[in-house]
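Input: a single structure, listed below in structure tokens.
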Amino acid sequence: MIRLNVQTAKHTQMLDITAQVQKAVTESGVKNGVCMVFVPHTTAAVTINENADPDVVRDFTTEINKIVPWEDGYHHMEGNSAAHLKSSMIGFSENVIIEDGRLVLGTWQGIYFCEYDGPRSRRVFVKILEG
Ligand code: ZN
């Protein structure tokens, strides 16, 4: 398993980690297989979405904050229930096919680390399976 470090800078943020994940794949030497990306946090997530127009990420962040407001009479003592909810809604893992040593993503797709209670130092686990 490969551990990637991700430093977020904002409370809610989507960081494009495609290059870091591709680097892990390249260094593994695996040419064909599957790359599993897992986020071991309860207030962060990982997703795949458009990395061409930065407004997509901006709209995504704005809308998810509307769907799950930060304050809404939650009971959780830590005060970050909204982050826990968003984390589960978006999800903790993604699988990407590897072909000829490259992640197989659509033309406009990138892998995003989603921060919902930052800024924090985070980790992403990557497992590369050959086959
Ligand atoms: Zn909490």
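Note that the structure is a prediction, hence the values are computed from the model and not measured. By convention here, the first residue in the shown sequence is residue 1. For ligands, and for the atoms within them, numbers begin at 1 and follow the listed sequence.
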ring-ring contact (aromatic ring centres under 6.0 Å, His included): pairs with one or both residues in residues 94-126, sequence neighbours excluded |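 Not a single pair qualifies under ring-ring contact (aromatic ring centres under 6.0 Å, His included).
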
Which atom pairs, one a donor and one an acceptor, fall under 3.5 Å between side chains of residues 88-105 and the rest of the protein, sequence neighbours left out?
none

With N51 as partner, the option from V57, I111, D16 fulfilling side-chain contact (heavy atoms from CB on, under 4.5 Å) is D16

More than 12 heavy atoms of other groups within 6.0 Å of M1 CE =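 Correct, the count exceeds 12.
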
Taking every non-hydrogen atom, the tightest pair across P119 and A9 = CB-C, 3.6 Å

Can you count the protein N, O or S atoms that lie less than 2.8 Å from the Zn ion (ligand 1)?
->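 There are 4 of them.
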
For H41, which residues count as a ring pair (Phe, Tyr, Trp, His ring centres under 6.0 Å) partner, sequence neighbours excluded?
-> none

